[in-house]
Protein chains: 2
Amino acid sequence: MVWVGSTYAGNFKMNISQAAKFTGLTSKTIRFYEEKGIIPKARRADNGYRFYTEDQLETLGFIKRARGLGFSLDECKKLLDLQHNPDRASAEVKEKVQENLARVQSQIEHLEDIKSSLMKMSKSCPGNKGHECPILDELCHGGHTEVLQ
Amino acid sequence: MVWVGSTYAGNFKMNISQAAKFTGLTSKTIRFYEEKGIIPKARRADNGYRFYTEDQLETLGFIKRARGLGFSLDECKKLLDLQHNPDRASAEVKEKVQENLARVQSQIEHLEDIKSSLMKMSKSCPGNKGHECPILDELCHGGHTEVLQ
DNA sequence: CCTTGACCTTACTCTAACTGGAAGGATTAA
DNA sequence: TTAATCCTTCCAGTTAGAGTAAGGTCAAGG
């Protein structure tokens with residue numbers, strides 16, 4: 001068998017920790033993806049160890065990048081399915097991206113609301129050794145800087 | 001016993017679903033907070049039902065509002081402890097708020113990075129019936145719009 | 001040949017903050 | 001009486017892994 005770095009006959013195999021290092025995932029995470037059916041079951045060497053070829057590494061990298069863009073594992077799976085489907089339309093992919101974009105945008109807006117409430121609170125509080133605290137007062141009795149859920 | 005709305009002798013009692021309606025929580029959530037030790041165990045009526053007095057309702061409202069501002073349950077507990085501690089300094093409370101603010105801010109920044117990557121991707125894709133898809137290409141092979149973790 | 005350390009395997013538990021459901025008892029209205 | 005709606009407890013599931021334990025494998029050094 002040919003391992004890392006070598007390019008014998010254009011193919012190579014990595015064991016799980018090498019694949020982890022290569023993709024930026026952890027061994028645990030790779031096994032977890034397999035168990036959850038996000039990726040197909042890895043092939044095994046004679047000793048029972050998993051090994052990964054170029055294609056599998058590409059798939060793992062795909063997931064790593066999609067996760068980094070805020071896609072759920074479920075969505076990663078759907079994106080992978082589109083990637084492996086030659087009859088896909090780019091519109092389907094774009095739609096997933098835009099759904100995600102909308103969700104990210106609404107999370108940002110929610111956090112911005114929270115941020116402005118927290119800033120108001122922070123400004124209202126002397127932040128000294130005294131016991132009086134407008135922050136606690138507001139948390140206790142409610143106020144108009146409250147964030148609507 | 002005097003129930004909702006009534007103010008007999010300045011005290012009243014609510015059962016769990018009334019307390020839930022009043023605070024905007026759910027009965028399940030209130031029980032959960034009790035089980036987790038975020039709030040003290042509720043007193044029980046003769047039939048075993050929990051009931052809540054004005055003070056308890058205030059505490060529940062406190063948590064509801066603090067949660068809405070992005071504090072974890074653990075932090076809510078700490079804020080409640082400060083609220084019940086007459087020797088607190090407002091500086092301690094303000095510190096919690098500022099920690100939370102910093103976390104919220106960094107979440108916003110992370111999401112903004114993701115958002116801009118997603119927008120670039122979306123623009124690069126024709127979004128038609130064709131199979132060619134720059135989004136999938138980038139997820140597959142990595143690109144410079146990648147979000148650094 | 002033996003040991004040591006670094007791998008690999010599976011299987012189990014834990015996290016946050018709930019939500020949903022099942023099974024059984026209590027209360028209330030018709 | 002009966003039905004609907006409460007209440008109780010307990011158990012399982014959610015997301016995306018991380019942590020730990022017990023045991024098998026492998027390569028290097030003495």
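Note that these values count all heavy atoms, side chains included, but never hydrogens, waters or copies made by symmetry.
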Produce a footprint string for nucleotides 8-20 of chain D: one letter per nucleotide, 5' end first; B if the base is under 4.0 Å from any protein heavy atom, S if only the sugar-phosphate is, - if neither. BBB-----BBSBB
Identify the 5'-most and 3'-most nucleotides of DNA chain C with at least one atom closer than 4.0 Å to a non-hydrogen atom of chain A. C/dC7 to C/dA11
Which residue is it: B/Lys94, B/Glu95, B/Gln98? I am looking for the one with a side chain to side chain donor-acceptor pair (under 3.5 Å) to A/Ser122. B/Gln98
Suppose we screen for side chain to side chain donor-acceptor pair (under 3.5 Å). Which residues come up paired with B/Glu112, at least two apart in sequence or across chains? none
A/Arg67 vs A/Glu75, test: salt bridge (charged side-chain N to carboxylate O under 4.0 Å, His left out). Steps then yes/no. CA-CA 9 Å; A/Arg67 290 286 299 126; A/Glu75 290 166 329; over 6 Å; no
Checking [X] side chain against [Y] main chain: does a donor-acceptor pair fall under 3.5 Å?
X        : Y        : value
B/Gln18  : B/Asn15  : yes
B/Arg65  : A/Cys140 : yes
B/His131 : A/Ala89  : no
A/Ser90  : B/Gly127 : yes

Looking at A/Asn47, does any N or O in its side chain come under 4.0 Å of the phosphate oxygens OP1/OP2 on D/dG24? no
Can you confirm whether more than 12 heavy atoms, excluding those of B/Glu99, are under 6.0 Å from its CD atom? yes
